[in-house]
There are 2 protein chains.
Amino acid sequence: MNAPDTRTAILDLAEELVRSRSFNAFSYQDLADGIGIRKASVHYHFQTKEDLGVALVERLRRQAVAWASSLMERNVSPLEKLDAYFEFQAESVSSKGMICPHGALGAEYNALPERVQESYIEFLEQIQTWLTSLLRKGQAQGVFVDNVPPEDQAALIQSAIQGALQLSRASGKQQRFYAVVKGLRDHVLRPAES
Amino acid sequence: MNAPDTRTAILDLAEELVRSRSFNAFSYQDLADGIGIRKASVHYHFQTKEDLGVALVERLRRQAVAWASSLMERNVSPLEKLDAYFEFQAESVSSKGMICPHGALGAEYNALPERVQESYIEFLEQIQTWLTSLLRKGQAQGVFVDNVPPEDQAALIQSAIQGALQLSRASGKQQRFYAVVKGLRDHVLRPAES
DNA sequence: GTCTATAGCGGGATAGAC
DNA sequence: GTCTATCCCGCTATAGAC
């Protein structure tokens, strides 16, 4: 896991710092110290912080696509896929006070360099699109409630997950995150007919 | 509305900047420029940025309590009170790219000065407590679904509102916020018996 | 690809005059 | 209560040796 090459090590640490402290609250010095090199060497790999931000968000986007694609290939129900998404996000809860990347960047959106903003929007839309298609499938198969547009369900899920990670980190109450997941599950799950 | 005194003007502008750019992405220079005074004068009112942060969050907390109290005194249904809360948050959506204060501060929680973190937690808990008691009343009156602890409903609502403001700002799609509110409403509202 | 050294700026903060 | 002036620090970024 640890640093096949310096460039990757920088991106890994940058991701950790963004998710724990935010983009504007870490420095090249932090990266250099954490990796054991000098500031100037970090600039060799990413000339400006904007470049670094773009590279990071692009990587996040590609990883998300890859994760989602491999999940979609598995022959499991939409509900199991949704649960896999929840579990993926839940990993943040227990790790070093990190929140999800889109939550971290979303809150300081106006203070991000321009090109980072642009990459970020694409990243967001990709998650949104994937979630929507998953929910649509679930509706079509009759396991999810279908009196609501899947886009709207997706927006609720993404918003709540993002907010819940932030809330449970600050409050120190991890169960709040799980309570939210449970609520979201109930919300999309078609109630058993009686 | 505009500046009864300098101290208030500073707090007003600081709140706007926190909600649009985040706490660590504005400076005393920004405050001074926006108000038309000098940096040193800002330091006269709030010696350190930590002091300013604490004062701001304390004010937000008091305002939230006052707002909630006056709402609770009105003789309207729990649903109307919940809707009033949604409408209050919705004001952010249309104003200058601002998100709610707890969302802005929550995402950079680990990068906040210590005493600001502490004030922030109290602020959060107060909102949470108020929302919970409102939801409990709604359950007791039979207008909200009651197969879920009101604490959990409150966590979902607060998380989703906070996340939805961030999401709709970055995506530029205000309707995503309203879609989330609609979803939350459906989620707590007891379905009409058939 | 990593280093030392440094430029240049903006940040938070203080001293002391008015 | 606001000002000018200044300090010191950490930040992003670059030049140039190894």
Side-chain angles (χ1 to χ4, degrees), chain A residues 2-18 20-57 59 104-105 108 110-120, chain B residues 2-18 20-57 59 104-105 108 110-120:
Chain A
N2 240 358
D5 61 294
T6 304
R7 192 188 151 91
T8 305
I10 294 171
L11 286 173
D12 288 348
L13 181 52
E15 179 178 334
E16 188 182 318
L17 289 168
V18 164
S20 65
R21 301 181 48 84
S22 91
F23 184 79
N24 287 300
F26 80 88
S27 68
Y28 270 47
Q29 191 65 60
D30 294 328
L31 295 171
D33 291 346
I35 295 171
I37 55 177
R38 299 292 172 167
K39 269 198 302 180
S41 306
V42 182
H43 277 285
Y44 169 80
H45 294 280
F46 302 98
Q47 225 184 317
T48 71
K49 203 178 177 187
E50 178 163 17
D51 292 335
L52 171 59
V54 171
L56 176 59
V57 177
R59 191 179 75 156
L105 296 166
E108 57 178 346
N110 286 335
L112 295 176
E114 202 176 330
R115 282 161 45 230
V116 178
Q117 290 185 339
E118 291 163 10
S119 294
Y120 175 67
Chain B
N2 240 357
D5 61 294
T6 303
R7 191 187 150 92
T8 306
I10 294 171
L11 286 173
D12 288 348
L13 182 51
E15 178 179 335
E16 188 182 318
L17 289 169
V18 165
S20 65
R21 302 182 46 85
S22 90
F23 184 78
N24 286 301
F26 80 88
S27 68
Y28 271 46
Q29 191 64 61
D30 294 329
L31 294 171
D33 291 347
I35 294 170
I37 55 177
R38 298 291 171 169
K39 265 199 305 179
S41 306
V42 182
H43 278 284
Y44 169 81
H45 293 280
F46 303 97
Q47 226 183 317
T48 70
K49 204 178 177 187
E50 177 163 19
D51 292 335
L52 171 59
V54 171
L56 176 59
V57 177
R59 191 179 76 156
L105 296 166
E108 57 179 344
N110 286 335
L112 295 176
E114 201 176 331
R115 281 161 45 230
V116 179
Q117 290 185 339
E118 291 163 11
S119 294
Y120 175 68

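Bear in mind the structure is a predicted one, so any value in this text is a computation, not a measurement. Throughout, protein chains are lettered first and strands after them, A, B, ... in sequence-line order, and every chain is numbered starting at 1. For the numbers below, each heavy atom of this structure counts, side chains included, while hydrogens, waters and symmetry mates do not.
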Just wondering, do [Y] and [X] contact through their side chains at under 4.5 Å, heavy atoms?
{"X": "B/Phe23", "Y": "B/Pro113", "result": "yes"}
{"X": "B/Thr8", "Y": "B/Arg59", "result": "yes"}
{"X": "A/Asp51", "Y": "A/Arg115", "result": "yes"}
{"X": "B/Tyr28", "Y": "B/Leu52", "result": "yes"}
{"X": "A/Leu13", "Y": "A/Phe26", "result": "no"}
{"X": "B/Asp30", "Y": "B/Ser27", "result": "yes"}
{"X": "B/Tyr44", "Y": "B/Arg38", "result": "no"}

- Message: Below 4.0 angstrom, which residues in residues 21-33 of chain A have at least one non-hydrogen atom near DNA chain C?
- Response: none
- Could you list where the contact with chain A starts and ends along DNA chain D, reading 5' to 3', using a 4.0 Å heavy-atom cut-off? D/dC11 to D/dA15
- Message: Measuring from atom CD of A/Gln117 to atom CG of A/Asn110, what distance do you get when rounded to the nearest 0.5 angstrom?
- Response: 6.5 Å
- Query: Out of curiosity, B/Leu31 CG to B/His45 NE2, how far, rounded to the nearest 0.5 Å?
  - Reply: 11.5 Å
- Within residues 36-49 of chain A, those residues having any heavy atom closer than 4.0 Å to DNA chain D are A/Lys39, A/Ala40, A/His43, A/Gln47, A/Thr48, A/Lys49
- Message: Tell me whether the count of non-hydrogen atoms from other residues, nucleotides or ligands lying under 6.0 Å of CD in A/Gln29 goes above 12.
- Response: yes
